[in-house]
Amino acid sequence: MSRRVVVTGMGAITPIGLSVDEFWASVKEGKTGFAPITKFDTTDFKCKLAAEVKDFDGKNYMDFKAAKRMELFSQYAVAAAKEALEDAKLDLEKEDPYRVGVAVGSGTGSLQAMERSHSRLVEKGPSRVEPLFVPLTISNMAAGNVSIQFGLKGKSINVVTACATGTNSIGEAFRSIQYGDAEVMIAGGTEGSVCPIGIGGFSALTALTTSEDPKRCSIPFDKERSGFVMGEGSAVVVLEELEHAKARGARIYAEVVGYGCSSDAYHVTSPAEDGSGAAKAMEYAVADAGIDMNEITYINAHGTSTHHNDLFETRAIKLAFGDHAKDIKINSTKSMVGHLLGAAGAIEFVTCVKELQEGYIHKTVGYQVPDEECDLDYCKEPVEGEFMYALSNSLGFGGHNASLLVKKYVD
């Protein structure tokens, strides 16, 4: 028999706030994190804007030596995990460390370390490649560093499914607790890819917007959308088996009740045009919770602001929900923070939990011009009122589809 899993702590490092409280206050303000890129000279780049994390210093979250041995994506993950663990008030000295695990993924690892070391290799020869190049670069080091920093000795995994990474990481952590692999899992995603090769690579795919207007760059479901804006940061949550959480008197934010996945088996970058893969992931997540499709009234969409994603995701929602699709409130958090790649699903999960808690569905900021092919309710304005479920979607290059269903906690 599977066990119930609840959310007891949350942490976030985002382009619009360096904590969950800061992030959520910015969300309610409709604040965006889009601005000209400052991390490198964009003169020769078509893409000029990103959603960078501002004023972050790893030494505020860990000691100097530890920070120096981590690239930005790992630092972001450790910082978000620190906040989540403190928020959960989890006394690790009272826990069996082998029953507390980690599932924190990154889509790319450190592109910056690759850039630096490749330059050294070409310019100065192989003897000058930095000794820590490999452990700085590889994407599992977010989970590894979180485990090391906090002494977590349980299952430690790194799910890499491109832009579905954060959602799959939380989903696999959920399953791990459900079926007894752990009592507690520290789960989420992290990314720090605002660098020349990151921006250049996604630009070459024509995935990034070339808009230079911060108010009209990341505009999911809008007819004038022209590509996504690269974001960065991390979100990490503490998931816990219900009875374990109750026994220690934990504050419970929400319950995870469903997780569904599928593959499009269609194209390396484009979702299936009929939305069938994403629809199946949503259907599986709802079936996992044992509820009816008509009980879903809100979806936090993947909503990247690319032409194909938003159109095909709209088709997926219609395919999964039929006539009920028109009654569902749909928004995209990427309208404020851009696309955090491997961290996107995790920050959107945190958003869903906050929205359930407060009975507040944020607007899709910047949405102005309706697209006749994207004809659902994309929350031009915030919506206030109680709702029981939040369904969060993530779709990744390679055809990965993942959906998580979160429920307002009821004892």
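Just so it is clear, the values below take in all heavy atoms, side chains as well, and ignore hydrogens, waters and symmetry mates.
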J.: Closer than 4.0 angstrom, basic N to acidic O: yes or no for Arg99 and Glu241?
T.: no
J.: For Cys379 versus His362, what's the shortest heavy-atom pair and its separation?
T.: CB-O, 3.9 Å
J.: Validate the cation-pi geometry between Lys334 and Phe228: distance from NZ or CZ to the six-membered ring centre under 6.0 Å, angle to the ring axis within 45°.
T.: no
J.: Test of understanding: with side chain to side chain contact (heavy atoms under 4.5 Å, CB included), list the residues that count as partners of Arg4, not counting sequence neighbours.
T.: Leu242, Glu255, Tyr409
J.: Using a strict threshold of under 4.0 Å (side-chain N to carboxylate O), is an ion pair present between Lys329 and Glu355?
T.: no
J.: Let me know which of Glu240, Glu183, Glu243 forms a salt bridge (Lys or Arg N to Asp or Glu O under 4.0 Å) with Arg3.
T.: Glu183
J.: Can a donor-acceptor pair be found, under 3.5 Å and without considering hydrogens, that links the side chain of Arg225 to the backbone of Thr306?
T.: yes
J.: Is there a donor-acceptor contact under 3.5 Å from the side chain of Glu295 to the main chain of Asp292?
T.: yes
J.: Do any N or O atoms from the side chain of Glu52 and from the backbone of Lys54 form a donor-acceptor pair under 3.5 angstrom?
T.: no
J.: Check for a donor-acceptor pair, side chain of Lys153 on one end and backbone N or O of Gly151 on the other, with a separation under 3.5 Å.
T.: no
J.: If we only count heavy atoms from C-beta on, is the Tyr253 to Val237 side-chain gap below 4.5 Å?
T.: no
J.: Thr364 side chain to Ser332 main-chain N or O, any donor-acceptor pair under 3.5 Å?
T.: yes
J.: Looking just at side-chain N and O atoms, do Ser193 and Thr108 make a donor-acceptor pair shorter than 3.5 Å?
T.: yes
J.: Run the salt-bridge test on Asp57 and Lys59 with the 4.0 Å N-O cut-off and return the result as yes or no.
T.: yes
J.: Strictly by modelled atom types, are His244 and Glu95 linked by a side-chain donor-acceptor pair under 3.5 Å?
T.: yes
J.: Report the residue from Thr42, Leu208, Ile199 that forms a side chain to side chain contact (heavy atoms under 4.5 Å, CB included) with Lys48.
T.: Thr42
J.: Do side-chain atoms of Asp310 reach the backbone of Thr304 as a donor and acceptor pair under 3.5 angstrom?
T.: yes
J.: Could you tell me whether the side chains of Tyr259 and Glu172 share a donor-acceptor contact shorter than 3.5 Å?
T.: yes
J.: For Arg216, is there any backbone N or O sitting under 3.5 Å from a side-chain donor or acceptor partner on Ser211?
T.: yes
J.: Should Lys326 and Asp375 count as an ion pair when the cut-off is N to O under 4.0 Å?
T.: no
